[in-house]
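Counting convention: from 1, in listed order, for ligands and their atoms alike.
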Amino acid sequence: MAKLIDGKKLAQITTDNLKSEIEDLKKKNVFPALAVIVVGENPASKIYVKNKHRIAESIGIKSIVKKLPDTTSEKELLNLINEYNDNSDINGILVQLPLPNQINEKKITEAIKPEKDVDGFHPINIGRLAMNDPLAIPCTPLGIMRMFNAYNIDLDGKNAVVVGRSNIVGKPMAALLLNANATVTITHSHTKNLAEITKQADILVVAIGQANFIKKADVKQSAVVIDVGMNRLDSGKLAGDVDKEVAEVAGYLTPVPKGVGPMTIAMLMEQTIELTKRSVGIE
Ligand code: GUN
C-alpha cells in the first residue's frame with residue numbers, strides 16, 4: 001500500500017515557520033500584505049479566497065480581500081490592479097481565476113507587476129522559471145516540489161510524467177521537474193496511448209480535472225503519484241483525478257483532500273513573504 005503524503009501537516013509546519021519569520025519582520029517594521037481580488041460569485045473561488053484570507057491573517061500577513069461584482073469591467077479591474085501595483089504597502093497581488101467572460105485573463109495577468117505577482121502567472125515569471133532563474137513560481141507546482149523534498153523523493157534522472165498542460169499547474173510543474181533534472185513528459189487530452197506513457201512514470205503528477213481519471217492499471221509499481229484534482233461529484237463529495245485503487249500499486253500518493261490543496265495555500269504565504277523581503281532588500 002502507498003505511503004500517504006500528508007500535505008496538511010507539511011503545510012502546517014510551513015506556515016508555523018512563516019509565522020515566526022513574520023514576527024521578526026514586524027520587529028524590523030516590515031508588515032507583509034497580500035491583496036486578493038475575486039470577481040463574481042464562483043462558489044469554489046469564494047471558498048479558496050476565504051481560506052487564503054483566514055490563513056494569511058492567522059500567521060500575521062495583512063490580507064485585503066476585494067470582492068467585485070460579476071458585472072465588473074476589464075477597465076475597472078485594471079484600475080484596481082494599478083492602484084495596488086503603485087501602493088508600496090501591498091507586497092503581493094492575486095486575482096482569483098476564473099474571471100467573467102467580459103474580462104480578458106491574459107490582460108489581467110500581464111497587468112500585475114511581476115515583483116508583486118504571488119501566483120507567478122505573469123509571462124516574465126513564467127519565462128524566468130523556464131530559464132531556471134525564478135522570481136515567483138505558481139503555488140501548486142511549488143507546493144508539490146516541497147512535498148518531494150520533505151519525503152526525500154529524489155527526482156534526478158527520474159521519469160516524470162505530467163498529465164495536463166494548464167498554465168497554472170501542468171506547464172510550470174514540468175519546468176520545475178526539468179530544473180530538478182528529471183526526464184519530463186507532458187501529456188494531455190490529445191495524447192495517444194496515455195496509459196503506456198503514465199506506466200513508465202517514476203513520478204506521476206495528475207492535473208487534468210476529471211474525477212478518478214487515473215486507474216491502478218495506468219501506474220507503475222512503487223511510483224510516486226501526485227493528485228492535483230479537486231472534483232465535486234454529484235453526491236457532493238470531493239474526488240481527485242486519481243482513483244483510490246491506485247494506492248494498491250503506488251509507492252507514495254497524495255490524498256484528496258489534505259494533499260496538494262493545503263500546500264498551495266502555504267506556498268502563497270511563503271511567496272508573499274519572499275516578495276515582501278525582496279521589496280525591502282532583505283535576503
Ligand atoms: N484558481 C484556481 N487556482 C488558482 C490559483 O492558484 N491562483 C489563482 N489566482 N486562481 C486560481
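With respect to the salt-bridge test (charged N to carboxylate O, under 4.0 angstrom), the residues Lys26 and Glu23 do not qualify. Asp24 has a carboxylate O that lies under 4.0 Å from a charged side-chain N of Lys27, or vice versa, which qualifies the two as a salt bridge.
In this structure, the separation between CG on Leu4 and OH on Tyr252 is 11.5 Å, given to the nearest 0.5 Å.
By the salt bridge (charged side-chain N to carboxylate O under 4.0 Å, His left out) test, Asp243 is found to be paired with Lys215, residues two or more places apart in sequence or in another chain being considered.
Heavy atoms of Val95 found under 4.0 angstrom from ligand 1 belong exclusively to the backbone. For Leu97, heavy-atom contacts with ligand 1 shorter than 4.0 Å involve the backbone as well as the side chain.
Between Thr140 and ligand 1 there is no heavy-atom distance shorter than 4.0 Å.
Heavy-atom proximity to Leu94, at under 4.0 Å, picks out these atoms of ligand 1: 9 (N).
Exactly one residue among Lys52, His53, Lys50 makes a side chain to side chain contact (heavy atoms under 4.5 Å, CB included) with Val65. That residue is His53.
Shortest contact from atom 6 (O) of ligand 1 to any protein heavy atom: Asp119 OD1, 3.8 Å.
Selection from Met267, Met230, Gln96 by nearest heavy atom to atom 2 (C) of ligand 1 gives Gln96.
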